[in-house]
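Have a look at the structure below before the remarks.
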Amino acid sequence: IEKLFIIMPYVHSEKLAIAKTVLDFLTSLFNKPGAHLDDVAKQIKGLQRSADQFTMVLKAYNRLPHRNALIGRSNTKEEEEYLKTGKIPV
């Protein structure tokens, strides 16, 4: 559980390289023998899904559009569409 606590700030990074590292780290934790059998595994899997989503958004927009309004950034047309629909362009 300590590893999950330490990784949390990095899960929310807008740097793609960090997001990929977090995703790899969480995947490695979940793929350890027997790791998927306990309650901590559920937390790992949830973080893994979040990290995967953040990584896909960062690949598409080079930032996390849901933060734009909070930090005074303008949305692009593509980001507006994503924020309305939740669909990430392929």
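Contact annotation: the side chain of Tyr10 never approaches that of Thr21 to less than 4.5 Å [non-hydrogen atoms, C-beta and beyond]. A heavy-atom distance below 4.5 Å is found between the side chains of Arg73 and Arg67. Two residues are said to be in side-chain contact when any heavy atoms from C-beta on lie closer than 4.5 Å; His66 and Phe54 meet this criterion.
A distance of 12.5 Å separates CE in Met8 from CD1 in Ile6, rounded to the nearest 0.5 Å. The distance from the CG atom of Leu64 to the NE2 atom of His12 is 9.5 Å, given to the nearest 0.5 Å. Separation of atoms CD1 (Ile7) and CG (Leu47) is listed at 9.0 Å; rounding is to 0.5 Å. Once rounded to the nearest 0.5 Å, the distance linking CG of Leu16 with CG of Leu58 reads 6.0 Å. Taken from OG1 in Thr27 to NZ in Lys20, the straight-line distance is 13.5 Å, to the nearest 0.5 Å. Residue Thr85 holds its OG1 atom at 11.0 Å from CD of Glu80, rounded to the nearest 0.5 Å.
Note on Leu23 and Met56: separate hydrophobic clusters, where clusters join Ile, Leu, Val, Met, Phe, Trp and Tyr whose side-chain heavy atoms are under 4.5 Å apart, directly or indirectly.
Nearest heavy-atom pair across Val22 and Ala51 is CG1-CB, 4.0 Å. Considering all non-hydrogen atoms of both residues, Gln53 and Tyr82 come closest at NE2-OH, 3.8 Å. A pairwise comparison of heavy atoms in Val57 and Arg63 identifies CG1-O, 3.6 Å as the closest pair. Contact between Tyr61 and Glu79 at its shortest, heavy atoms only, is CD2-CG, 3.7 Å. Among all heavy-atom pairs drawn from Pro65 and Asn75, the shortest one is O-OD1, 3.9 Å.
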